[in-house]
Amino acid sequence: MIPATMKKFFLPILVLFLFIQCKNQPAIPTGLVVEKAMVVSAREEASKVGADIMANGGNAFDAMVGTQLALAVAYPRAGNIGGGGFMVYREADGAIGSLDFREKAPKSAHRDMYLDSLGSVIINMSTLGATSVGVPGSVAGILEVHKKFGKLPLAAIFEPVITMAENGVVVTAKQADMLAQYREVFTEVNSDSTKFGAVYKEGDIITYPKLAATLRTIVEKGKDGFYKGEIAQKLANFIQKNGGFVTEDDLASYDVVWRKPIAFNYKGLKIISMSPPSSGGVTMNQIFDMIAPFDIGTFGHNSEKTIQVFTEASRRAYADRNYYLGDPDFVDIPLDVLLKDSYLEDRMTDFSFDKATKSSDVSHGKVEIVESMETTHYSIVDEEGNAVSVTTTLNGNFGSKLYCDELGFFLNNEMDDFSSKAGVPNMFGLIGAEANNIQPEKRMLSSMTPTIVEKEGELWMVVGTPGGSTIITAVAQTILNAYEFDMSMQDAVNAPRFHHQWLPDIVTFEPEGFSTELKTSLKAKGYFINEERTPIIGKVDAIRVLADGSLEGGADKRGDDMAVGF
Ligand code: DON
């Protein structure tokens, strides 16, 4: 028998000991676990193409080429050859880098191109149809990756995708809903006879013979097969016939840029993410630095205190994002200051757990988010330990909705990611400034955050998501879920998310996982909560390397996303 006094003394110590033990235990995987190689993407068909490429001797970079193309076929709302994106990589030996294959403004573009004679933003001009199209970068991106890192011949990577395009892809329930939702606008922007003017039901098979032919030309002729010659001519004519600005000369001049990623430490992690013209790496770096002094692991997942710290850091980081960030080839970004510890410490000195900071005290403006959109992310790890993290986009769902029937793909509406007019929000409610104004051949600021995380110097996680302005917070929360709250990869991806982006000054919560009491308490502290809109936030696709070297996938339950590997 243990005396009562001893019990009183030892029990709390035992509980604390068990808690610490539990916290140090690696989370039990709940997602797919494989030994060697894995792809997690928005569609099973695309993940399988990438995984098969690796099973046939290709590396993660070959798999990236195949997955990007397969998504263009199987997931046309965001997968693309008519858009652009960013890739962050970490080679097996630890070397890191990133590729910018973001779209560019056409040469005829200018600062006020979306304004009327009174200086007001012309509705839809930067979001819908040919006028919103930026010069696509995806084809140049994958070919450059293959040139630098590819192992398999390009034809061997393209062939399964071309076959998929010819044989067709099954329409999922979610896809059927999405196509139905946009059918009318497809015919308005294109014509009644456009491919996506037809009705597609769940279980139907859509074939893409024209896209297959375009892919054949690319594999035969390389970059020039898309950016010069017959395809470029057809594409430029098509865009201009529909009132847009992209010319053959714009296509011929397009090139990608290898950039140094943003890399920073958060407690025991090294986080590697995309540098400008994406805001992802810089903004995430700022958020993590501002929350690092708080032990949010003990505050609890999605607890009031965790939400407050994260929200206040995001508020301050997005205010900087919108003011300072743009294409580094055109604007000087004061990164040395923005990422300095003392600067970030300073930014948080007015934070208090008792009361929300007002965004108007950080800066000012009034905006509304009007539409929800789509991008896509895929994560890849190969047998050698190379890791590839890619986020790619058409910007809105099906981009500009302009579909080139002759060549078989949708075109982006990425021009809306520029600031059409300083102080006027874009479709994500993001307020832009001079740094992100429109200039010929400039790249529009992005929020895409393809990320790779090291723990103790080893590859630990590959992660990213779509979600417009919410991308950065969704990626950061997924990393925190795994690191601070000991969740498995799959649970970290599925966990409920919230978002704040400085302006509008509101916290948005996903529909599930946040109690009324929590929201009431936050409101009492002065937080504005978006009660009408509780959208899903991001669709994260991630991979974690487990202690024994095997891989756990995190394929977001919010979509048709799937991990495939071996
Ligand atoms: O580059 C960007 O930040 C946007 N064009 C991304 C769009 C997006 O994520 C839409 N998805 N939900």
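For the numbers below, each heavy atom of this structure counts, side chains included, while hydrogens, waters and symmetry mates do not. Both counts, for ligands and for their atoms, begin at 1 and track the order of listing.
Atom CG of residue Asn285 and atom OG of residue Ser279 lie 12.5 Å apart, to the nearest 0.5 angstrom.
Taking the charged nitrogens against the carboxylate oxygens, Lys223 and Glu144 have no contact shorter than 4.0 Å, which rules out a salt bridge. Contact check on Arg443 versus Asp417 returns no salt bridge, with no Lys/Arg side-chain nitrogen under 4.0 Å from an Asp/Glu carboxylate oxygen.
Contacts between Ile471 and ligand 1 below 4.0 angstrom, taking non-hydrogen atoms only, involve the side chain exclusively. When non-hydrogen atoms are compared, ligand 1 lies under 4.0 Å from the side chain of Asp417 (C-beta onward) but not from its backbone. Using a 4.0 Å cut-off between heavy atoms, Thr393 contacts ligand 1 through its side chain alone, with no backbone atom that close. If you look at Arg102 next to ligand 1, the close heavy atoms, those under 4.0 Å, all belong to the side chain.
Listed by number with element, the atoms of ligand 1 under 4.0 Å from a non-hydrogen atom of Ser447 are 1 (O), 2 (C), 3 (O). Numbered from 1 in the order shown, with element, the atoms of ligand 1 that lie under 4.0 Å from a heavy atom of Met448 read 1 (O), 3 (O).
Close N/O approach between Gly468 and ligand 1 is found [any backbone or side-chain N/O within under 3.5 Å]. Between Pro466 and ligand 1, a contact under 3.5 Å exists for no N or O pair.
Under the 6.0 Å cut-off for aromatic ring centres, Phe398 and Tyr403 do not qualify, their centroids lying 6.0 Å or more apart. A distance of 6.0 Å or more separates the ring centres of Tyr208 and Phe409.
Judged by distance alone, with hydrogens and angles left aside, the side-chain atoms of Arg347 form a donor-acceptor pair with the main-chain N or O of Arg316 at under 3.5 Å.
Judged by the shortest distance from any of its heavy atoms, Met444 lies outside the 4.0 Å radius around the atoms of ligand 1.
In this structure, Leu211 and Val73 have side chains that are in contact, with non-hydrogen atoms separated by less than 4.5 Å.
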